[in-house]
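Notes for the one structure printed next.
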Amino acid sequence: MKQFGYLLQKEFQESWRNFRLLWIPIVFISLGIMDPLTNYYMEDILAAFGYLPEDTMLTWPEFSAADILFATTTQFQMIGLIVFVAVFASNISKERQNGTATFLYVRPLEYSSYFLSKWIVAVVIAVISVIVGYATSIYYTTILFGEMPLVGILKMIGTYSVWMMFVLAFTLCLSAMFKTAISMGISLTLVIVGSLFDPIIGKYWVYSPMKLATYGVEFLTDGPDMTHFSTTIGITVALTVICIAAGIYFSKKNASTTKI
C-alpha cells in the first residue's frame, strides 16, 4: 500500500510537471464551447464572411438543448478520445524504451500498484476534463437553447465517465503489451474507426461500450432503453477489469525489455 501511494504521487507530480492536468481540460473546455456558439451564430457567421449570395433566404434548423449536448459528445468522441489515446498510449511503453522504468524495476515492484497508479491518474484527468467540458457546453447551451434536467446531466456525465475509464484501461493495456508506435496505432485506429462506423451500424450492436456516449445523452430526453443500458454498463465494467488485469500481467512480463 505504501508503494502504491508513492507511485500514485509520482504520477500526479509528473502529470502536473508536463501540464496534462492543465492543457487536457482546456482542450475539453474548447470543445464544449464550440457547438453551442457555432450552431447559434452560424447564420451570422456565414453572412459576415460573405458565403451567402445576395437575397439568399437560409432556414437554419431549430436545435434543442439535447441536440447541442449530443454534438458536444460527438466532439469528445472524436477529438477528445484522440487526445487521450495520443497522450496515454505511450505511458508505459515509453518508460521501457527510454530506460526510465529501470529505476522502478531494480527494486521489488508491485506491478498491480504500478499499472493502477497510471490508470487512476489518467481517469482523474479524464473525469475532470469531461466535467469541465460538459459544464462549459451546458452553460452556453442553457443560455442559448434552454435548460436541461439536472438529474439527466449528472447521469450523462457519469455514463460518459464509465466509458472513459474503459478507454483508458484499454489504452494503457496496449501500452503495457506493445511498443509505443504499435500501441498508439492500434488505439487510434480502433477509436477513429469505431467513431466513424458507430452512427452507421451502431443499431446492430446495442451492447457495445461505445454506445454509452449515446445512452448518456439520451438521459436528457426520454432516457435510453434501460435493459440495453444496464447490460452495456455491465459489459463495459467487465471489459475494464479484464484490461486492467491484462495490463498488470503484461507490465510484469515485458519488464525485461526495458532499455538500460
Side-chain angles (χ1 to χ4, degrees), residues 15 19-52 56-88 122-168 191-192 194-196 198-199 202 209-224 229:
S15 295
F19 301 107
R20 286 178 188 171
L21 280 165
L22 180 63
W23 72 264
I24 295 179
I26 289 175
V27 169
F28 274 75
I29 289 172
S30 302
L31 295 176
I33 292 173
M34 189 182 303
D35 283 292
L37 295 183
T38 54
N39 281 290
Y40 189 81
Y41 293 108
M42 182 57 72
E43 290 184 62
D44 296 331
I45 293 170
L46 293 175
F49 283 93
Y51 293 139
L52 296 177
T56 298
M57 297 294 293
L58 180 63
T59 303
W60 205 250
E62 291 283 337
F63 292 111
S64 67
D67 292 330
I68 301 302
L69 265 296
F70 181 80
T72 297
T73 302
T74 302
Q75 297 283 357
F76 289 177
Q77 285 291 89
M78 288 296 294
I79 302 173
L81 287 186
I82 289 173
V83 167
F84 274 108
V85 168
V87 169
F88 292 105
V123 167
V124 169
I125 296 173
V127 171
I128 290 173
S129 300
V130 168
I131 290 174
V132 297
Y134 270 131
T136 306
S137 182
I138 290 164
Y139 173 76
Y140 286 103
T141 300
T142 301
I143 293 174
L144 301 174
F145 294 93
E147 295 183 356
M148 290 158 286
L150 177 60
V151 173
I153 289 171
L154 295 176
K155 288 181 178 179
M156 176 187 68
I157 294 174
T159 301
Y160 197 81
S161 296
V162 173
W163 160 241
M164 288 300 301
M165 290 178 189
F166 164 68
V167 170
L168 291 168
V191 167
I192 294 171
S195 298
L196 291 175
D198 182 67
M210 190 165 280
K211 298 298 292 182
L212 287 180
T214 302
Y215 292 158
V217 179
E218 289 178 359
F219 279 116
L220 298 177
T221 52
D222 298 328
F229 174 75

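For the numbers below, each heavy atom of this structure counts, side chains included, while hydrogens, waters and symmetry mates do not. These figures come from a predicted structure and were not determined experimentally.
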Open item on the list: Evaluate F70 against F63 for ring-ring contact (aromatic ring centres under 6.0 Å, His included), listing each step before the verdict.
Closed with: CA-CA 11 Å; F70 181 80; F63 292 111; over 10 Å; no
TODO: Before giving the answer on side-chain contact (heavy atoms from CB on, under 4.5 Å), spell out for T214 and T73 the whole-Å C-alpha distance, their side-chain angles and the decisive distance to 0.1 Å.
DONE: CA-CA 8 Å; T214 302; T73 302; over 6 Å; no
Open item on the list: Determine whether W23 and V83 satisfy the following criterion, side-chain contact (heavy atoms from CB on, under 4.5 Å), listing intermediate values before the conclusion.
Closed with: CA-CA 11 Å; W23 72 264; V83 167; 3.8 Å; yes
Spatial distance of atom [atom1] ([X]) from atom [atom2] ([Y]) [nearest 0.5 Å]:
{"X": "I143", "Y": "L37", "atom1": "CD1", "atom2": "CG", "value": "9.5 Å"}
{"X": "T38", "Y": "I33", "atom1": "OG1", "atom2": "CD1", "value": "11.0 Å"}
{"X": "I26", "Y": "L21", "atom1": "CD1", "atom2": "CG", "value": "11.0 Å"}
{"X": "I68", "Y": "N39", "atom1": "CD1", "atom2": "CG", "value": "4.0 Å"}
{"X": "S15", "Y": "I24", "atom1": "OG", "atom2": "CD1", "value": "7.5 Å"}

Open item on the list: Quick one, P224 and F219 - any side-chain contact, counting heavy atoms below 4.5 Å?
Closed with: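 P224 reaches F219 side chain to side chain.
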Task: Where L31 and G80 come nearest, the two heavy atoms and their spacing - done: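 Residues L31 and G80, closest heavy atoms: CD1-N, 4.0 Å.
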Task: Nearest heavy-atom neighbours spanning L220 and M148 - done: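 Here L220 and M148 meet closest at CD1-SD, 4.2 Å.
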Donor-acceptor pairs under 3.5 Å, side chain of residues 150-166 to any protein atom, not counting sequence neighbours: which ones?
from, atom 1, to, atom 2, distance (Å)
T159, OG1, K155, O, 2.7
Y160, OH, Q77, OE1, 2.8
S161, OG, I157, O, 2.8
W163, NE1, Q77, OE1, 2.7

Would you tabulate the side-chain donor-acceptor contacts of residues 135-142 under 3.5 Å, counting partners in other chains and residues two or more places apart, or write 'none'?
from, atom 1, to, atom 2, distance (Å)
T136, OG1, V132, O, 2.8
S137, OG, T72, OG1, 2.8
T141, OG1, S137, O, 2.6
T142, OG1, I138, O, 2.7

Side chains of residues 122-131: which donor-acceptor pairs under 3.5 Å do they make with residues two or more places apart or in other chains?
from, atom 1, to, atom 2, distance (Å)
S129, OG, I125, O, 2.7

TODO: For F229, look at atom CZ and say whether over 12 heavy atoms of other residues, nucleotides or ligands are found less than 6.0 Å away.
DONE: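 Yes, the 6.0 Å shell around CZ holds more than 12 heavy atoms from other groups.
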